[in-house]
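Notes to accompany the following structure.
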Amino acid sequence: MNIKKLFDMEGKVAVVTGASKGIGEAMAHGLAEFGAKVVISSRKQDAVDEVAERFKGEGLEAVGIACHVGDAEQRQALVDKTMDTYGRIDILINNAATNPYFGPIEAMTEAAYQKTLDINLHAAMHLSNLVYPKMKANQGGSIIHISSIEGIHASAFFAAYNISKAGVIMLGKNQAAEWGKDNIRVNVICPGLVKTKLSAGLWNNETLMKSLPKKIPLKRMAVPEEMAGLAVYLASDAASYTTGGVFVSDGGLLQGPLFS
Ligand SMILES: NC(=O)c1ccc[n+]([C@@H]2O[C@H](COP(=O)([O-])OP(=O)(O)OC[C@H]3O[C@@H](n4cnc5c(N)ncnc54)[C@H](OP(=O)(O)O)[C@@H]3O)[C@@H](O)[C@H]2O)c1
């Protein structure tokens, strides 16, 4: 068996939500480097067009299709337009997420709670359900959900975000249990602290950044590209026996010192 060839994604089509920047963009770039045709998706058409054009300028295959993942009609349009453009879907990365609330759980509004669950968890399930028959028709596929170490470990100020990310982990496990018979693999990636717009509230906080690296065994936060290799592996045939997995990439943060 040629192991290197298993990473080849030539002819495969990948949809990546939240791919206009950050971790989603880095993962989409990784998949495209290994030969996949990638659909760059986020809410704003000009933003996804800009990324797709940049990829094409590097000789990669990409198209931008805007989709607010919280909107049922836009989710359907994302799948329909992908099918019209490329004719198949082999890989789905549910990466788009929001974190509108920081504070105590009892002070969170119902609207903030609902929005967080809708975007981070419910949208991932609904979009997967739309993609499922397309993957089934191809006799297989790979779905990757982007959760977080916040879905594994409690924190005192993220409230709904942690709840949604824990839900994403069980969503992936249940889908893996149900869709294995169709050769559709479902895995979950739990990043630690990655330098992106979403985490700016943390890495812009000078006081926090004095203490936080000490708690991370690798002593630093990640850059988005450090999440891409895991996504490439899970999306590719190299991971053909890997499903229902939860993969932490956090510089060791969850194993960091309890007291420091
Ligand atoms: N950064 C970290 O430290 C960290 C740690 C653990 C897990 N994560 C997870 O990693 C994933 C990516 O986060 P990131 O840090 O890369 O964030 P980011 O740089 O802020 O990027 C978020 C992406 O999601 C898109 N987006 C936001 N709301 C959307 C919506 N309703 N519909 C469609 N697209 C939407 C944004 O584009 P538009 O604004 O143009 O729509 C953007 O492309 C998320 O699931 C996050 O929870 C991040």
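Counting convention: from 1, in listed order, for ligands and their atoms alike. In this chain, numbering begins with 1 at the start of the sequence shown.
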Please state whether Ser41 comes within less than 4.0 angstrom of ligand 1, counting heavy atoms only. no
Element-labelled atoms of ligand 1 that are located less than 4.0 Å from some non-hydrogen atom of [X]:
| X | result |
| --- | --- |
| Ile119 | 31 (N) |
| Val194 | 1 (N), 2 (C), 3 (O) |
| Gly22 | 16 (O), 19 (O) |
| Cys67 | 32 (N), 33 (C) |
| Asn95 | 10 (O), 11 (C), 12 (C), 44 (C), 45 (O) |
| Ala19 | 43 (O) |

I'd like to know if the side chain of [X] reaches the main chain of [Y], judged simply by a donor and an acceptor atom lying under 3.5 Å from each other, with no hydrogens or angles considered.
| X | Y | value |
| --- | --- | --- |
| Asp8 | Glu10 | yes |
| Asn138 | Gly140 | no |
| Asn183 | Gln139 | yes |

Parallel, tilted or perpendicular: ring planes of Phe7 versus Phe34, cut at 30 and 60 degrees: tilted
Is there a donor-acceptor contact under 3.5 Å linking the side chains of [X] and [Y]?
| X | Y | answer |
| --- | --- | --- |
| Thr242 | Asn187 | no |
| Glu150 | Ser155 | yes |
| Asp80 | Gln76 | yes |
| His29 | Glu33 | yes |

In terms of residue, atom name and distance, what is the protein heavy atom nearest to [atom]?
| atom | value |
| --- | --- |
| atom 20 (O) of ligand 1 | Leu198 N, 3.2 Å |
| atom 32 (N) of ligand 1 | Val69 N, 3.1 Å |
| atom 35 (C) of ligand 1 | Ala96 CB, 3.7 Å |
| atom 37 (O) of ligand 1 | Ser20 OG, 3.1 Å |
| atom 40 (O) of ligand 1 | Ser42 OG, 3.0 Å |
| atom 24 (O) of ligand 1 | Gly18 CA, 3.3 Å |
| atom 4 (C) of ligand 1 | Gly192 O, 3.8 Å |
| atom 47 (O) of ligand 1 | Tyr161 OH, 2.5 Å |

Check the pair Ile189 / Ile23 against side chain to side chain contact (heavy atoms under 4.5 Å, CB included), numbers first and verdict last. CA-CA 11 Å; Ile189 295 178; Ile23 294 170; over 6 Å; no
Quick check: [X] and ligand 1, any N/O pair under 3.5 Å apart?
| X | value |
| --- | --- |
| Ile23 | yes |
| Leu193 | no |
| Gly24 | no |
| Ser148 | no |
| Thr196 | yes |

Indicate yes or no: does Arg54 engage Glu58 in a salt bridge with an N to O separation below 4.0 Å. no
With the threshold set at 4.0 Å, does a side-chain nitrogen-carboxylate oxygen contact exist between Asp237 and Lys12? yes
Counting heavy atoms only, which part of [X] comes closer than 4.0 Å to ligand 1: side chain, backbone, both or neither?
| X | result |
| --- | --- |
| Cys190 | neither |
| Lys165 | side chain |
| Ser147 | backbone |

State which residue, out of Asn120, Thr98, Thr116, fulfils the side chain to side chain donor-acceptor pair (under 3.5 Å) condition with Ser164. Asn120
Would you indicate which of Arg43, Met27, His145 comes nearest to atom 26 (N) of ligand 1 when only heavy atoms are counted? Arg43
Have a look at Ile189, Ile146, Ile149 and point out the one with the heavy atom closest to atom 9 (C) of ligand 1. Ile146
Taking the side chain as every heavy atom from C-beta outward, state whether Asp182 and Met135 have any pair of such atoms under 4.5 Å apart. no
If you define the side chain from C-beta out and look only at heavy atoms, does anything of Leu60 sit under 4.5 Å from Val38? no
Around atom OH of Tyr113, are there more than 12 heavy atoms of other residues, nucleotides or ligands at under 6.0 Å? no
